[in-house]
Structures are given as structure tokens and as C-alpha cells.
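Any value given below was found using the heavy atoms of this structure, including those in side chains, with hydrogens, waters and symmetry copies removed.
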Amino acid sequence: MPEVAELGNMLTDLFNALGVSQRAYAVRVHLDPSAVSRFLRGQRVATEDFVDRLIREVGQSAEPRSRRKRGPESKNNAWKP
């Protein structure tokens with residue numbers, strides 16, 4: 001199906017912006033690495049949850065650090081003059 005292959009190409013472009021391996025990302029999102037690979041190669045239709053999360057994470061990685069939300073753990077690691 002050409003539409004699935006095209007989706008896979010678009011997802012791969014997004015994924016590459018994250019700068020992580022497919023295996024590391026699969027672990028992070030609790031998916032089998034082979035499923036992530038198939039999504040990105042256009043061999044399987046990616047789930048809506050996968051697409052939404054990938055888009056969200058790419059958007060967050062593109063934000064300037066000062067605009068990112070800070071969690072409680074980052075308060076302790078904040079730079080202090």
C-alpha cells in the first residue's frame with residue numbers, strides 16, 4: 001500500500017529529528033523494537049498513539065530549553081549562579 005509507505009517515510013523523517021535509536025525509543029514507549037521498525041519502514045500502519053507521541057516528542061525536542069516544562073526533578077538540577 002503506497003499510503004502506508006508514504007506515512008512510514010514521513011514518520012522516519014520525524015523520528016530522525018529525535019536523535020535516538022529505534023531500540024531506545026521502543027523501550028521508552030513500551031513497544032517491541034520490530035513494531036517501531038515496521039512503522040518507520042511503512043510495512044505496518046502506525047497506531048494513532050505512536051504517531052501522536054512521536055509528533056509531541058519531536059515538538060518538545062525542538063523547543064528552546066527555556067520554554068520546556070520543568071518537572072520537579074529539574075528544580076534540583078537547575079543552574080544557580
Side-chain angles (χ1 to χ4, degrees):
M1 293 183 3
E3 297 87 4
V4 179
E6 187 175 341
L7 175 61
N9 289 335
M10 290 189 290
L11 292 175
T12 297
D13 289 343
L14 283 171
F15 180 82
N16 289 337
L18 289 178
V20 298
S21 72
Q22 289 181 15
R23 183 172 299 279
Y25 189 74
V27 168
R28 188 163 79 202
V29 298
H30 307 286
L31 287 173
D32 189 272
S34 64
V36 172
S37 177
R38 288 184 189 113
F39 292 160
L40 298 178
R41 289 190 318 229
Q43 293 181 336
R44 183 173 167 193
V45 177
T47 64
E48 186 176 349
D49 288 341
F50 178 84
V51 174
D52 289 345
R53 181 168 182 165
L54 180 60
I55 290 169
R56 187 173 57 249
E57 289 189 18
V58 168
Q60 289 173 347
S61 70
E63 286 182 16
R65 288 190 171 264
S66 62
R67 295 195 57 195
R68 291 186 194 171
K69 293 180 183 176
R70 291 186 166 205
E73 68 281 353
S74 65
K75 286 182 182 177
N76 297 331
N77 297 327
W79 180 76
K80 296 177 185 171

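Identified under the side-chain hydrogen bond (donor to acceptor under 3.5 Å, both in side chains) test for residues 7-22, with sequence neighbours left out: none. Residue pairs meeting the salt bridge (charged side-chain N to carboxylate O under 4.0 Å, His left out) criterion with at least one member in residues 22-44, sequence neighbours excluded, are R28-E57.
Residues P33 and A26 come closest through the heavy atom pair CA-CB, 3.6 Å. Between A46 and L7, the shortest heavy-atom contact is N-CD2, 4.3 Å.
Residue V29 is grouped with residue L54 when hydrophobic side chains (ILVMFWY) are merged at heavy-atom distances under 4.5 angstrom, including chains of intermediate members. V51 and V20 fall within a single hydrophobic cluster, where Ile, Leu, Val, Met, Phe, Trp and Tyr side chains are chained together by heavy-atom contacts under 4.5 Å.
Atom CG of residue L14 and atom OG of residue S61 lie 9.5 Å apart, to the nearest 0.5 angstrom. Here the CD1-CZ distance, from I55 to F50, works out to 10.0 Å after rounding to the nearest 0.5 Å. A distance of 8.0 Å separates OH in Y25 from CG in L31, rounded to the nearest 0.5 Å.
The side chain to side chain donor-acceptor pair (under 3.5 Å) test applied to E6 returns no partner, not counting sequence neighbours.
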